[in-house]
Every structure is written in structure tokens, then in C-alpha cells.
Amino acid sequence: MNIIDTIPSSLVGERLRLARENAGINQAKAAKAAGLARTTLVAIEQGKRRARLPELQTLVRLYDSSINSVLREEAIHVDLVPRFRKLLDTSDSAANSAVTVISNLAKAEVELENILGIKRVRNYPTERPLLPGDVRVQAEQDAAEVRTRLGLGNGPVKDIITLLEMEVGIRVYIRRVDGNISGVFAYDEKLGPCILLNANHPRERRTQSAAHEFGHFMATRSEPEILETNERFNSREERYAIAFAKAFLTPARAVMQQFQEVTAGSEKFSRRHIIILAHFFGVSREAIVKRLEELALIKSGTWDWFETNGGITDVQARQVLGDLSLVDVGKADADRPTTLRLNLLASEAHTRGLLSEGQLCRLLGLDRVELREIIGSLDVEGGGTNGAPNLFA
Amino acid sequence: MVPPIFSPKPDTTLTLDSSVVINLDASGQGRAVLSAFKNPIVVVDVVETEIGRGNRQRRQDKAALDALVAAGTIAITSLDEDAIQIFESLVIGPALTTLDDGEAATIAYAVHTGSVAVIDERKATTLVRSRFPQLVTMSTVDMFASDSVRSHLGYDLLKEAVFMALVHGRMQVPKIYLNWVIELIGQERAIQCLSLPSCLRLTAPSDQNPIQHLNDSGL
């Protein structure tokens with residue numbers, strides 16, 4: 001008996017279906033390219049007919065995968081793409097590719113964690129489903145409660161990415177994505193909550209997108225979401241997420257207090273105030289001005305006035321902030337072939353002989369030399385950590 | 001001095017894995033190195049497909065392999081029924097005891113045909129030692145260090161080829177060859193070779209041999 005025959009045919013079929021869908025190939029095309037009748041492929045995917053090894057080889061080659069990737073015990077078989085189907089226009093290649101990016105990164109990370117025996121913190125706040133009535137009121141209240149739970153008090157959220165990753169347990173990826181995509185949110189039992197942010201956007205904009213997606217996680221986590229720059233926010237879910245992001249990053253009382261301190265003694269509200277307040281809360285200049293307008297701390301239309309009178313430039317911001325200007329490390333990390341965390345996990349799995357070069361390349365979508373560069377770049381100790389004592393307490 | 005090396009019998013087939021094809025291409029002397037061996041040299045079709053994937057990542061290794069096949073230096077082969085059973089046992093199962101398809105196909109073919117598996121993968125060679133102790137394996141550096149390649153290429157060309165494989169292919173060097181490789185390319189150029197252990201790259205030559213600090217699990 002062949003080893004393949006010891007695996008339930010329904011499991012092989014299911015994994016082949018996911019590999020095909022992940023490759024974006026429909027059954028008719030796959031069957032034709034593999035020289036199978038469509039009905040045969042359907043039967044294989046439904047587990048009604050056992051796939052033979054040569055057929056498996058042909059199919060995985062077609063799907064740009066491998067038998068090991070499909071049938072390795074620890075491999076994570078999740079396809080997020082179908083869950084986005086009602087949000088995705090098939091012609092929107094940027095959105096499709098963003099969903100594929102987050103799906104592949106999360107799957108690779110979870111498999112590496114499982115192989116290395118890493119248990120990720122799952123410290124999720126309870127979901128707060130939308131109730132009848134004004135969603136903005138609900139969002140303000142939910143944001144305040146979560147801030148308290150996270151020990152933020154009335155202070156600014158200095159690094160929302162680390163906060164969401166370390167304190168909440170959400171996987172956050174910052175990668176360069178084309179088009180108007182600002183953020184993607186998905187939740188899956190195996191992967192946990194995942195957020196993708198566009199590295200092409202400025203840090204403050206990404207912070208806003210992260211808080212927006214966090215809002216979706218709080219109220220509607222079973223629904224996947226794509227945030228686009230030109231989006232019209234008509235639904236209750238979207239209005240909740242916007243209000244949640246504002247209240248989470250710029251809580252009303254904190255903004256009022258900070259506004260009072262920053263503008264004390266000033267006769268006019270100026271660019272300098274905006275730059276300092278935006279920096280303090282880590283949000284864009286537009287976001288802070290609109291929040292001040294909303295809280296009736298400044299006149300409505302103030303942002304428009306600045307816009308038509310020369311705007312507020314980055315040069316002016318640097319002039320006011322000097323050394324306080326923040327370096328955007330997210331962009332640098334996004335320019336690596338994978339994330340720094342994935343690199344560390346991959347390097348550890350390779351050093352410990354748990355995964356081969358071929359397995360890691362396939363898992364991370366890298367070629368051999370890219371993978372060797374990553375592993376080599378993390379060798380700052382010598383030959384691995386050889387010679388060093390175990391310094392873990 | 002070259003460490004004692006293994007030389008395959010002239011009639012034994014050499015089965016090359018992706019990792020080796022990539023290193024040889026990076027060396028710029030792939031054809032010359034392979035021509036130095038009188039042995040038949042093969043690549044399994046699964047490995048050929050895998051190398052083709054690199055094209056999407058802007059690597060040119062597939063074109064180099066095609067040229068070697070066209071020149072008759074390498075023949076593409078496939079797994080027969082019996083070899084497929086070995087292959088199957090190497091790709092299906094837990095991560096720890098399996099390999100990706102290309103690495104598994106190279107080993108399955110070599111085990112089945114009694115040929116030499118030329119493979120640079122540490123996990124694969126560890127698996128081979130426990131599961132197929134009779135199988136003979138070689139690394140890319142074994143090839144460079146062999147008498148036939150050293151005499152065929154000559155000192156200057158060999159030095160350049162090894163340096164290029166290190167820089168452009170990030171070739172892994174087995175521990176036993178570290179001193180030989182650094183002596184060959186020179187300490188100054190070794191600094192540029194990031195696949196060499198940093199304790200060797202970044203340490204000036206001294207009386208103390210830094211290789212002693214490496215443990216036995218190194219390649």
C-alpha cells in the first residue's frame with residue numbers, strides 16, 4: 001500500500017481544492033491542464049475518488065505548490081480569498097493580491113509557530129456586536145472600555161502595531177500594496193485575527209487604518225474587511241469602525257486636556273498647535289484637526305481653511321518637532337522579502353533542522369538565495385549561537 | 001591544504017539537487033566544474049521544475065540548467081515506480097521527517113539507482129544518514145575541492161568560482177572545508193561572503209582557530 005493511500009481521500013481532496021483556489025485556477029482549467037475529466041477532478045476534490053501520486057504531482061505543479069506543502073502534517077490549509085468574495089471585484093487585482101499577501105503571511109507564520117512549539121497570546125477582548133441605535137455612541141463607549149483594559153488610560157497610543165500584536169494578539173503585517181488599499185482585516189479560527197496595512201501610506205495613516213480595522217475586530221470580527229482610500233462609509237459597521245478609531249486614538253477628554261495645554265497663552269490657533277497635537281496622538285494633521293472640529297474646540301471648516309491657505313507641510317512639521325520626528329521603520333521592514341518576525345522564525349526552524357531550504361522557500365515564497373540571505377543576515381553570533389551558553393533564565 | 005575528500009567512481013551517476021545547480025550557476029563555472037567529472041550527471045524533472053520557479057523571482061538558474069542540458073552535460077531524468085515509493089515516504093508526513101519535493105526526488109532517485117546525491121541541504125543530509133545510511137552524498141564544495149575540478153579549473157579560476165558561488169549563491173560551506181575555503185579566497189574577500197560564519201568572516205587570522213568554536217552540527 002502506498003503512503004498516500006493511508007491518508008483519507010476526503011482530506012487529500014480538500015487540500016487539493018484549497019491549493020487550486022489559492023492558485024486562482026478554476027476546476028475546468030485545472031482538469032484540462034492536468035489531462036483529467038472535470039468530473040474526475042471534482043470527484044478527487046470531494047474525496048470520492050483517490051488521487052494517484054502522478055496525478056497529485058501534475059496538479060501541485062499546476063498550482064505552483066508541492067506535494068509536501070499540501071500533505072505535510074503541520075501545513076496550514078486555510079483560504080481567506082473565498083471569504084472576501086462578496087467584497088472582491090475579480091478585476092480588482094490590488095485587492096485580490098492584498099488578500100493573498102495577508103493569507104500567505106499568516107499561514108506561514110502559524111505553521112512556523114506550530115513547528116517551533118510557540119503558543120501565541122490570545123488575549124482578545126470580547127466581541128461587542130452592534131446594537132440598535134447610534135453606532136457612534138457605542139463605538140465611543142467600546143473604545144473607552146478597551147483602552148482601560150489595555151491600561152492606556154487617557155494617554156496617547158504611541159505604537160498601535162506593537163499594542164495590537166503584543167497585548168491583543170492580532171497578527172499585523174505592514175507590506176507594500178498597490179492601489180487604494182489602506183487595510184485588510186480577516187479572522188480565522190486557525191490564524192486568529194490578522195490585519196494588513198499598506199506600507200506605501202505614511203505612518204500616521206497606517207495608525208488610523210490599524211485602529212479602523214481594530215474597530216471591525218471589536219464589533220464584527222467574523223466579517224472580513226477591505227479598507228480603501230476612496231471608500232464611502234455608508235454601512236453601520238463602517239461608521240462604527242470610523243468612530244471607534246477616532247475614540248481609540250484620540251479620546252475626547254484626552255484631546256480636550258491636551259488642547260488646553262498646548263494652546264495655553266496663545267491668541268490664535270496655528271499650524272504649530274496642529275503639528276504638536278498630531279505628533280502627541282500619533283495621528284495625521286487632518287485627523288487631529290477634524291477631531292478638534294468635531295469636539296467643538298475649534299471652528300468647523302478649520303481644516304479646509306488651512307488647505308486653501310498653503311496647507312501644513314512636512315518641512316514645517318520637522319521645523320516644529322526637530323529631533324522628535326519619528327523614523328518610519330515600518331517602511332524599511334516592508335521592503336524585506338518577508339517580515340522580520342517571519343525571518344526569525346524561519347531562521348530558527350532552519351538552524352534547528354526542522355525545515356529544509358526547499359520547505360522554507362516554498363512556505364515563504366522565496367528563492368533559495370533570498371532565503372540564504374535572510375538566514376545569513378541573522379547570524380551575528382558566529383556559527384549560529386555556537387559557543388555561547390544558554391542565556392535564557 | 002585540502003581536507004581528505006571523497007571522489008566518486010567514474011561510472012557512478014551524480015544526481016544534482018537544486019541547491020547545487022544554483023551554486024554552480026552562481027560560480028560562473030558550472031559547465032567547467034561538471035565537465036571535470038567523467039561521471040554521468042542527472043537532474044530529476046521535479047528539481048528542474050523547482051528551479052524554473054526561480055524565474056518568477058528573477059533568477060536565471062533555469063536558463064543555465066537548460067544550457068547544460070542542451071550541451072549534454074546534464075540529463076533530465078524522472079522517478080520510476082519504485083523510486084516514487086521512496087519519494088512518497090520523503091514528502092508525506094510530519095515536517096520534521098519530510099523534505100520539499102525537489103530535495104526528496106533527488107534522494108529518492110539516488111537511493112533507487114545507487115547514484116551519488118549531490119545536495120547541500122543540512123536537514124536532507126541528516127535525514128539521509130538516518131534513513132538511507134548506504135547512500136553516498138556530496139556537497140557543492142566537495143565538487144570544487146575534488147582533484148579533478150582543481151586540476152581542470154586551475155588555481156585562479158577555482159578561487160574566483162568559489163568566491164562567486166559564496167557571494168551570488170550564498171553557498172553553504174561544510175565545517176570541514178571552512179579553512180580551505182578561506183585560505184583559497186583570502187581573508188579580505190571572505191568578509192564579503194555572508195554565508196560563511198561571521199566569527200570567521202569578521203575575525204582577523206590569528207593563532208587561535210575560530211573553527212574550534214563551531215559545534216559539530218555545522219555543515
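Because the structure is predicted, anything quoted here is derived from the model rather than measured. Chain identifiers are assigned alphabetically (A, B, ...) following the order of the sequence lines, protein sequences preceding nucleic acid strands; residue numbering begins at 1 within each chain.
Residue A/Leu355 touches chain B through both its backbone and its side chain, counting heavy-atom pairs closer than 4.5 Å. Proximity to chain A (any heavy atom under 4.5 Å) is shown, for B/Thr126, by neither the backbone nor the side chain. Neither the backbone nor the side chain of B/Ser195 comes within less than 4.5 Å of any heavy atom of chain A. For B/Glu88, the parts sitting under 4.5 Å from any heavy atom of chain A are the backbone and the side chain alike. Contact of A/Ile3 with chain B is made through backbone and side chain together, with heavy-atom distances under 4.5 Å. The contact between B/Ile84 and chain A is made by backbone and side chain atoms together, counting heavy-atom distances below 4.5 Å. Using a 4.5 Å cut-off between heavy atoms, B/Ser19 touches chain A through backbone and side chain atoms alike. For B/Ala95, the parts lying under 4.5 angstrom from a heavy atom of chain A are both the backbone and the side chain. When heavy atoms are compared at a cutoff of 4.5 Å, A/Leu363 does not approach chain B at all.
Side chains of A/Gln57 and B/Val46 form a contact here, defined as non-hydrogen atoms less than 4.5 Å apart. Looking only at side-chain heavy atoms (C-beta outward), A/Glu370 and B/Arg170 stay at 4.5 Å or farther from each other.
By number of non-hydrogen pairs under 4.5 angstrom with chain B, the leading residue of A/Thr6, A/Leu71, A/Leu360 is A/Leu71. If you tally non-hydrogen atom pairs under 4.5 Å between each of A/Leu371, A/Ile115, A/Ile4 and chain B, the highest count goes to A/Ile4.
The two residues A/Leu354 and B/Lys123 come nearest to each other via the heavy atoms O-NZ, 3.0 Å. In plain terms, the two heavy atoms of A/Ser69 and B/Asp100 that are nearest each other are OG-OD1, 4.1 Å. Annotation for B/Ile22 and A/Val369: closest pair CG2-CG2, 3.9 Å, computed over non-hydrogen atoms. Listed here is the closest heavy atom pair of A/Glu357 and B/Gln172: OE2-CG, 4.5 Å.
In B/Arg189, the CZ atom is crowded: over 12 heavy atoms of neighbouring residues, nucleotides or ligands sit closer than 6.0 Å. Within a 6.0 Å sphere centred on CD of B/Gln134, other residues, nucleotides and ligands contribute more than 12 heavy atoms. Annotation for A/Arg176: atom CZ counts as buried by contact number, over 12 foreign heavy atoms lying within 6.0 Å.
Side-chain atoms of A/Gln359 and B/Thr98 include a donor-acceptor pair closer than 3.5 Å. Judged by distance alone, the side chains of A/Ser356 and B/Glu103 do bring a donor and an acceptor atom under 3.5 Å apart.
Under the 3.5 Å distance criterion, the side-chain polar atoms of A/Arg372 are matched with a main-chain donor or acceptor of B/Gly169. Using modelled atom types, no side-chain atom of A/Asn68 and backbone atom of B/Asp101 make a donor-acceptor pair closer than 3.5 Å.
Considering CZ of A/Arg72 and CG of B/Leu96, their distance stands at 12.0 Å, rounded to 0.5 Å. Taken from CZ in A/Arg368 to CG in B/Asp120, the straight-line distance is 9.5 Å, to the nearest 0.5 Å.
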Does the side chain to side chain contact (heavy atoms under 4.5 Å, CB included) test come out yes or no for A/Ile67 and B/Ile92, once each step is laid out? CA-CA 7 Å; A/Ile67 296 179; B/Ile92 301 175; 4.2 Å; yes

